[in-house]
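Structure first, then comments.
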Number of protein chains: 2
Amino acid sequence: MYSSELIKGTLKTIVLKLLSETKQMYGYEITLKVKELTSNKIQITEGALYPTLHALEKEGIVSAEVINIGKRVRKYYTLTPKGKKNANEKVNEFIDYINTMKFLLDIKPQVG
Amino acid sequence: MYSSELIKGTLKTIVLKLLSETKQMYGYEITLKVKELTSNKIQITEGALYPTLHALEKEGIVSAEVINIGKRVRKYYTLTPKGKKNANEKVNEFIDYINTMKFLLDIKPQVG
DNA sequence: CAAAGATACATAAGAATATTATGTATTTAT
DNA sequence: ATAAATACATAATATTCTTATGTATCTTTG
């Protein structure tokens, strides 16, 4: 588990990436998938995720569809066409950013 | 230039890494160095940096020394012993985190 | 079968961190 | 002389996350 500050600002990108792979997912499913894919290293809290999903919906990046499972409710999210384009851009920018940071943090000690 | 949200939570780590390389730096110098090392991709704002440096000083992670350059003032920061240990841990954790994120975001589209 | 844990949503108070704007003052370049 | 760069600082605001709380259903386990 990473200290919480590291996750800041990455949540939207993670969500967009997952949605661009699997077409439709519901919130709780996203938390499980991220835990699984990262071997429990990244754990998305629901208090962060649900407001983020609502924000993405408001921005027209995802659309939501409520489905009944027995007496329980699931809210499936899908990328809109606008969202698909946006997702690619954001993910690519983030990968670029990661590479930049890796370069910056891998620099060896210098004399001086 | 990356969209601003990406930088969130990384500032302290960048500062600690630079100080662990070069022993002592002043604030403005840090902004220039990061710009240079990242080919202008990461630009630290002074409004973010100075409060961060003050916080690190309060936590006993860095110590500060004011130097006069002509009639102007520079405030040089150095890692304390505690800070050196802390810097290594944080930088390593961050590199680990970056690798995890890269894995997560490089996953190829899946059928389903 | 009762209790605990997992599933599934939601929101609100508070903390942390950054942006943007503003301010002061000196030094260097045009 | 004026603009830009150097060098510090802080305040108001915005963003984003944590922690806590709430509701309700379904599944596992002693």
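Numbered from 1 within each chain, the chains take letters A, B, ... in sequence-line order.
- In this structure, A:Y50 does not reach the C:dA10 phosphate: none of its side-chain N or O atoms is under 4.0 Å from OP1 or OP2.
- Residue B:K71 has no polar side-chain atom (N or O) positioned under 4.0 Å from OP1 or OP2 of D:dA7.
- Per the geometry, NE2 belonging to A:H54 stands 14 Å off C1' belonging to C:dA12, to the nearest Å.
- In this structure, B:E29 reaches neither bases nor backbone, as no heavy-atom distance under 4.0 Å exists between it and the strands shown.
- For A:Y26, whose side chain is taken as the heavy atoms from C-beta onward, the closest listed nucleotide among D:dA9, C:dC9, D:dT19 is C:dC9.
- Mapping B:L32 and A:G47 onto DNA chain D by nearest heavy atom places B:L32 at the nucleotide closer to the 5' end.
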Query raised in the report: Where do A:K102 and B:I95 land on the side chain to side chain contact (heavy atoms under 4.5 Å, CB included) test, with the steps shown first?
Result: CA-CA 7 Å; A:K102 198 157 159 51; B:I95 290 175; 4.1 Å; yes
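- No side-chain heavy atom of A:T38 sits under 4.5 Å from any side-chain heavy atom of B:Y97.
- Looking only at side-chain heavy atoms (C-beta outward), A:E57 and A:Y77 come within less than 4.5 Å of each other.
- Distances shorter than 4.0 Å separate none of the side-chain N or O atoms of A:K12 from OP1 or OP2 on D:dT15.
- Residue B:T52 places at least one side-chain N or O under 4.0 Å from the OP1 or OP2 atom of C:dA18.
- Atom pair A:E46:CD and D:dT19:C1' shows a separation of 13 Å (rounding to whole Å applied).
- Side chains of A:Y28 and A:E46 form a contact here, defined as non-hydrogen atoms less than 4.5 Å apart.
- If you check distances only, the side chain of B:R72 does reach the base of D:dT6 with a donor-acceptor pair under 3.5 Å.
- Mapping B:G27 and A:I69 onto DNA chain D via the closest heavy atom, the residue that lands nearer the 5' end is B:G27.
- When rounded to the nearest whole Å, the span between CE of A:M25 and P of C:dA8 equals 12 Å.
- Contact check, B:Y28 against D:dA5: no side-chain N or O comes under 4.0 Å of OP1 or OP2.
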